[in-house]
Amino acid sequence: MTYVIASACINVKDGACQDVCPVECIYEGGRMMYIQPDECIDCGLCLSVCPVDAIYAEAEPPVGENAFRLANADFFGPAVTGWGSPGGADAR
């Protein structure tokens, strides 16, 4: 299981989730943050600090938020057309 950031983050991008992520798998997009599923270690720290409760378990989307699973996947997409796996903490 991994986590997904949903609609409550749009135009907020607080960044607290990035600050606590031990593997740096949360990236800033144009209007919101995104979690790279291949890098996420499912620790849940981001859940505890999100000021707008925008983060949820991918397998348990709130009503009306299922589209954000696809938006998250589209953001990273294949390495050729999207970010792919930027590497998080491993990229250093």
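Heavy atoms only: backbone and side chains are in, while hydrogens, waters and symmetry mates are out. On a predicted model such as this, the values are computed, not experimentally measured, just so you know.
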**Prompt:** Under 4.5 Å between any side-chain heavy atoms of Pro37 and Asn72, yes or no?
**Reply:** yes

**Asked** Do Tyr27 and Phe76 have ring centroids that are under 6.0 Å from one another?
**Response** yes

**Prompt:** Should Ile35 and Thr2 be marked as a side-chain contact (heavy atoms from CB on, under 4.5 Å) after you check the CA-CA gap, both sets of side-chain angles, and the distance that decides it?
**Reply:** CA-CA 8 Å; Ile35 296 174; Thr2 189; 4.2 Å; yes

**Prompt:** Side-chain contact, heavy-atom cut-off 4.5 Å: Met32 with Ile5?
**Reply:** yes

**Item:** Separation of Tyr3 OH from Ile55 CD1 (nearest 0.5 Å)
**Value:** 9.5 Å

**Asked** Are side-chain heavy atoms of Pro61 and Phe68 found at a separation under 4.5 Å?
**Response** no

**Prompt:** Can you tell me how far CD of Glu60 sits from CD of Glu65, rounded to the nearest 0.5 angstrom?
**Reply:** 14.0 Å

**Prompt:** Do Cys50 and Cys17 have side-chain heavy atoms sitting under 4.5 Å apart?
**Reply:** no

**Prompt:** Between CE of Met33 and SG of Cys46, what distance do you get to the nearest 0.5 Å?
**Reply:** 11.0 Å

**Prompt:** Hey, quick one: are Val12 and Val4 part of the same hydrophobic cluster, counting side-chain heavy atoms closer than 4.5 Å, chains of contacts allowed?
**Reply:** no

**Asked** When clusters are formed by joining ILVMFWY residues with side-chain heavy atoms under 4.5 Å apart, either directly or through shared neighbours, do Leu45 and Ile26 land in the same one?
**Response** no

**Item:** Separation between CD1 of Ile41 and SG of Cys21, rounded to the nearest 0.5 Å
**Value:** 7.0 Å

**Prompt:** Just how far is it from atom NZ of Lys13 to atom CD of Glu28, taken to the nearest 0.5 Å?
**Reply:** 4.0 Å

**Message:** To check you understand the geometry: which heavy-atom pair defines the closest contact between Pro22 and Cys43, and what is its length?
**Reply:** CD-SG, 3.8 Å

